[in-house]
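Working notes for the structure below.
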Amino acid sequence: MAQGRSSATTRCLALGGLLAACLLLGAADAATHRVDWSFNADSWSRGKSFRAGDLLEFNYDPSVHNVVAVDAGGYYGCGSSGRAYSSGSDRITLGPGTNYFICSLNGHCGMGMKMAINAS
């Protein structure tokens, strides 16, 4: 019986190793996108392809802008309830589906400083 347990343990370890390798290979496929975080951010993202796991790099002057990850309602209504970033050099990993970002300072979202990105 000990031999059966050893065999099962070996299979579990091999399966775990295979899963870890797949995750690492998937992470290697992730791209990094430098975001033009400006009043034309939505036009910057048009025509580009994004995948879940890709990294967005937002570089901006934190004394005049921020980045807030919001839901669809926050994007369309310029509501700033969401995770706020304000370092001026923020790195955000895209989740699957549509990811929404706005600048919540000084009415900037209403002036077009927002972006919706669909990650496959």
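Between the side chain of Trp37 and the backbone N or O of Met113 there is no donor-acceptor pair closer than 3.5 Å. Between the side chain of Asp71 and the backbone N or O of Gly74 there is at least one donor-acceptor pair closer than 3.5 Å.
Between the side chains of Ser63 and Asp61, at least one donor-acceptor pair of N or O atoms lies under 3.5 Å. Donor-acceptor pairing under 3.5 Å is lacking for the side chains of Asp54 and Thr32. The closest side-chain donor-acceptor pair between Ser87 and Asp90 falls under 3.5 angstrom. Asn99 and Tyr75 share no donor-acceptor pair across their side chains, judged by distance under 3.5 Å alone.
Residue pairs meeting the side-chain hydrogen bond (donor to acceptor under 3.5 Å, both in side chains) criterion with at least one partner in residues 107-120, sequence neighbours excluded, are His65-His108.
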Taking it one step at a time, do Leu56 and Leu94 satisfy side-chain contact (heavy atoms from CB on, under 4.5 Å)? CA-CA 7 Å; Leu56 299 182; Leu94 291 173; 3.6 Å; yes
Under the side-chain contact (heavy atoms from CB on, under 4.5 Å) criterion, do Thr98 and Tyr100 qualify, and how do the steps go? CA-CA 6 Å; Thr98 305; Tyr100 300 96; 3.3 Å; yes
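In this structure, CZ in Phe39 is found 7.0 Å from SG in Cys103, a value given to the nearest 0.5 Å. Interatomic distance, CG of Asp36 versus OG of Ser43, reported as 7.5 Å (0.5 Å rounding).
Pairing each heavy atom of Phe101 with each of Val70, the nearest pair is N-CG2, 4.4 Å. Closest heavy-atom contact between Pro62 and Ser86: CB-O, 3.3 Å. Contact detail for Ser80 and Ser104: the closest heavy-atom pair is CB-CB, 3.4 Å. Here the closest heavy-atom approach between residue Ala52 and residue Ala119 is recorded as N-CB, 3.5 Å. Pairing each heavy atom of Ala116 with each of Asp42, the nearest pair is N-OD1, 2.9 Å.
With Cys109, the cysteine Cys78 has an SG gap short of 2.5 Å.
If you run side chain to side chain contact (heavy atoms under 4.5 Å, CB included) between Phe58 and each of Arg34, Arg91, Met115, only Met115 comes through.
By the rule that hydrophobic residues join a cluster once side-chain heavy atoms approach within less than 4.5 Å of another member, Ile102 and Met111 end up as members of separate clusters. Clustering ILVMFWY residues whenever any of their side-chain heavy atoms sit less than 4.5 angstrom apart, transitively, puts Tyr85 in a cluster other than the one holding Val68. Linking Ile, Leu, Val, Met, Phe, Trp and Tyr whenever their side-chain heavy atoms come within less than 4.5 Å puts Phe50 and Ile92 in one cluster.
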